[in-house]
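Here's the structure we're looking at; comments come further down.
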Amino acid sequence: MVRVRFAPSPTGYLHVGGARTALYNYLFAKHHGGQFILRVEDTDLERSTDESMRMQIEDLKWLGINWDEGPHPETHADMGPYGPYRQSRRKEIYMQYAERLVESGRAYFDFRGDAELEAIKERLMKEGKPPQIEAPAEIVPPAEARARIARGEQAAIRYRVTEKRDYVLNDLVRGEVRFPSDMVGDFVCIRSNGMPVYNFCCVIDDALMKITHVLRAEEHLSNTLRQMMLYEAFDFPIPKFGHLSFILGPDKQKLSKRHGATSCHDFNLKGYLPEALNNFILLSGWSSPDGREILSREEQIKLFTHERFNPAPAVFDETKLLWMNSMYLRALPHDELWTRIEPFLKEAKIEIPQSKDPVWRDQALGAFKTSMQTLADAPKLFETVADSLFSVKPEAVEVKGWAETKKVWETWLQLLEAHPSEKVSEAEFGALQDKVKDLCGVKGKTLFQPIRVAVIGQPQGTELKILVPLLTKTSLINRVKTCLKEL
RNA sequence: GUCCCCAUCGUCUAGCGGCCUAGGACACUACCCUUUCACGGUAGAUACACCGGUUCAAAUCCGGUUGGGGACGCCA
């Protein structure tokens, strides 16, 4: 049984890099009919917050990445047989395992403080040696150490690296990677404040939670050596590792806030569809066997195998994301599309009474959706059919200056007033337009542009024969009157 | 500094020794469609970082160089 996990530390919104790690783990689990576990790595008391955990859970839900075990998506209560799933609540477990290490002599209590350790490192550097901490000449025996701690002293528990040899990792993404054991010094497992450290809880939890495959970011590659040492010390089975390459900004530096939007939440706000963001991040670091790029969740699960990981880092290209988003936007059924657009219209304070009519909505969406790349593009498109917002835009200044314009507008107004119905169909509009042409003796640009301005207040936009049926006769009359007042 | 990872069009990538005068996608350019914008269609330009080896044959394998990134925390 394949069991994988995503283990974010709750320090803000979910970053796209984290989202990709989550997605890959999720797809990998589902591809193999396995389980996907969410574990919260909140051992850094300084930076971790409950609020951040909530935000990350919301982002994961938004992306449609569901976990089988971990904090419940709504209540956040533990869900699954291997809890707790928040590391801050597993302190006793870690301590128990650390004690085992101490008992067997593979770890020791270290009473040295920051200043002393700093001095040791400095001395080693001066001697041209790597700044790696080793055990003090005299290790405090466990019993004595515990007594001192009971009296209020503080000590960390440090793993003692004794064996000198190469550790070989067979990475799912990178193949064989060799680490010499002297790459690391004795490392801390439990901080002197009693909190365990990442490398330690990670191993204990992955083992206890029966994790079989660890897909995580490349920055953890060198951590793997320490973790392998711990796996061996506890005689735990070692999972398969896969170290994913980074997602970079356009300057090839690790993607960060200064590159603009980097969290899923940012992209949500910018009007991206979760399906599109999902599909996009899927493709930075992995490729489908047949080269197809737009893949449904089902196809993603079916095709997702580790052989197709790319070990090279990928630059995040928002332009392509934009394209992908427009593809997903268009593929969405209209009522679904509408529910996603509505919040953006509301935000922009655009009110369209006609939009209560599903037939109208269907027509309008059909007219506008090919012009949208993100949901945030909707307001400026729908604005043109919102009566309360009609005005003659600055772009229309040239058209206003034309000699023919006044005549065209007046004729257009007369014809509209004579129109028998509130509705103006596409065919009727065509006839009306032809009549204006005949009556004014104006054609081409000088005919069409003034009419367009009379309809939407600007000389550029969607085809008039599609736009006009979205408006009423009354509305069209009011609009052209507003235009005439401007002359 | 030491160790580790990485290197194909501007970007995401295909390629796992001959099928490569290197394929696809986004972006770009031109043309077509079109009263405008967008959509759509067609065509085009653009890449194997460098130097050595191995081989009949190298984008592909091996060294090195360069460049980029990461780790060296009582951060994760």
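We name chains A, B, ... by the order of the sequence lines, and we start the count at 1 in each one.
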Should [N] form a Watson-Crick or G-U wobble pair with both distances under 3.5 Å, which nucleotide is its partner?
N: rC19(B); result: none
N: rU11(B); result: rA25(B)
N: rG67(B); result: rC6(B)
N: rG52(B); result: rC62(B)
N: rA30(B); result: rU42(B)
N: rC72(B); result: rG1(B)
N: rU36(B); result: none

Does a side-chain N or O from [X] land closer than 4.0 Å to OP1 or OP2 of [N], or not?
X: Ser287(A); N: rA14(B); value: yes
X: Gln253(A); N: rG69(B); value: yes
X: Asn310(A); N: rU8(B); value: no
X: Thr43(A); N: rA76(B); value: yes
X: Arg20(A); N: rC12(B); value: no
X: Arg292(A); N: rA14(B); value: no
X: Arg191(A); N: rG73(B); value: no

If you check every side-chain atom of [X], which of [options] has the closest atom?
X: Glu218(A); options: rC5(B), rC12(B), rG40(B); value: rC5(B)
X: Phe179(A); options: rG69(B), rC4(B), rA7(B); value: rC4(B)
X: Arg308(A); options: rA14(B), rC12(B), rU36(B); value: rA14(B)
X: Ser222(A); options: rG24(B), rA76(B), rA71(B); value: rA71(B)
X: Lys121(A); options: rG73(B), rU36(B), rA76(B); value: rG73(B)
X: Leu283(A); options: rC74(B), rC12(B), rU35(B); value: rC12(B)
X: Arg158(A); options: rA76(B), rC74(B), rG40(B); value: rC74(B)
X: Arg226(A); options: rC39(B), rC26(B), rC72(B); value: rC72(B)

If you measure from the [atom1] atom in [N] to the same atom in [M], how many Å do you get, rounded?
N: rC5(B); M: rG63(B); atom1: P; answer: 11 Å
N: rG44(B); M: rG23(B); atom1: P; answer: 11 Å
N: rC9(B); M: rG1(B); atom1: C1'; answer: 37 Å
N: rU8(B); M: rG15(B); atom1: P; answer: 14 Å
N: rA59(B); M: rG52(B); atom1: P; answer: 14 Å
N: rU66(B); M: rU54(B); atom1: P; answer: 23 Å

Q.
With nearest nucleotide decided by heavy atoms, which residue, Lys254(A) or Pro311(A), maps closer to the 5′ end of RNA chain B?
A.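 First, find each residue's nearest nucleotide; the 5'-ward one identifies Pro311(A).
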
**Q.** Trp323(A) vs Gln154(A), nearer the 5' end of RNA chain B by closest nucleotide
**A.**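 This one resolves to Trp323(A).
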
Q. What do you reckon, is CG of Asp114(A) surrounded by more than 12 foreign heavy atoms closer than 6.0 Å?
A.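 No - once you tally the heavy atoms of other residues, nucleotides and ligands closer than 6.0 Å, there are 12 at most.
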
Taking atom [atom2] of [N] as reference, at what distance in whole Å does atom [atom1] of [X] sit?
X: Tyr167(A); N: rA71(B); atom1: OH; atom2: P; answer: 22 Å
X: Asn199(A); N: rC72(B); atom1: CG; atom2: P; answer: 9 Å
X: Leu464(A); N: rU34(B); atom1: CG; atom2: C1'; answer: 13 Å
X: Leu221(A); N: rG68(B); atom1: CG; atom2: C1'; answer: 16 Å
X: Asn223(A); N: rG73(B); atom1: CG; atom2: P; answer: 11 Å
X: Asn325(A); N: rA38(B); atom1: CG; atom2: P; answer: 19 Å
X: Gln227(A); N: rC75(B); atom1: CD; atom2: P; answer: 16 Å
X: Tyr272(A); N: rC26(B); atom1: OH; atom2: C1'; answer: 13 Å

Identify whether any heavy atom of [X] sits under 4.0 Å from a base atom; if not, whether one sits that close to sugar-phosphate; answer base, sugar-phosphate or nothing.
X: Lys369(A); result: nothing
X: Ser192(A); result: base
X: Lys252(A); result: sugar-phosphate
X: Ser245(A); result: nothing
X: His243(A); result: nothing
X: Glu463(A); result: base
X: Arg174(A); result: sugar-phosphate
X: Leu117(A); result: base
X: Val177(A); result: sugar-phosphate
X: Tyr198(A); result: base
X: Gly285(A); result: sugar-phosphate
X: Pro459(A); result: base
X: Gly461(A); result: base
X: Arg216(A); result: nothing

Q. Between His265(A) and Tyr13(A), how do the two ring planes meet: parallel, tilted or perpendicular, split at 30° and 60°?
A.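 Ring orientation, 0 to 90° scale: parallel.
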
Q: Kindly assign one of parallel, tilted or perpendicular to the pair Phe109(A) and Phe111(A), based on the angle between their ring planes and the thresholds 30° and 60°.
A: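 Correct class here is tilted.
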
Between the side chains of [X] and [Y], is a donor N or O closer than 3.5 angstrom to an acceptor N or O?
X: Glu318(A); Y: Tyr272(A); answer: yes
X: Lys240(A); Y: His306(A); answer: no
X: Asn199(A); Y: Gln227(A); answer: yes
X: Tyr94(A); Y: Asp205(A); answer: yes
X: His213(A); Y: Asn25(A); answer: no
X: Arg452(A); Y: Thr462(A); answer: no
X: His243(A); Y: Arg216(A); answer: yes

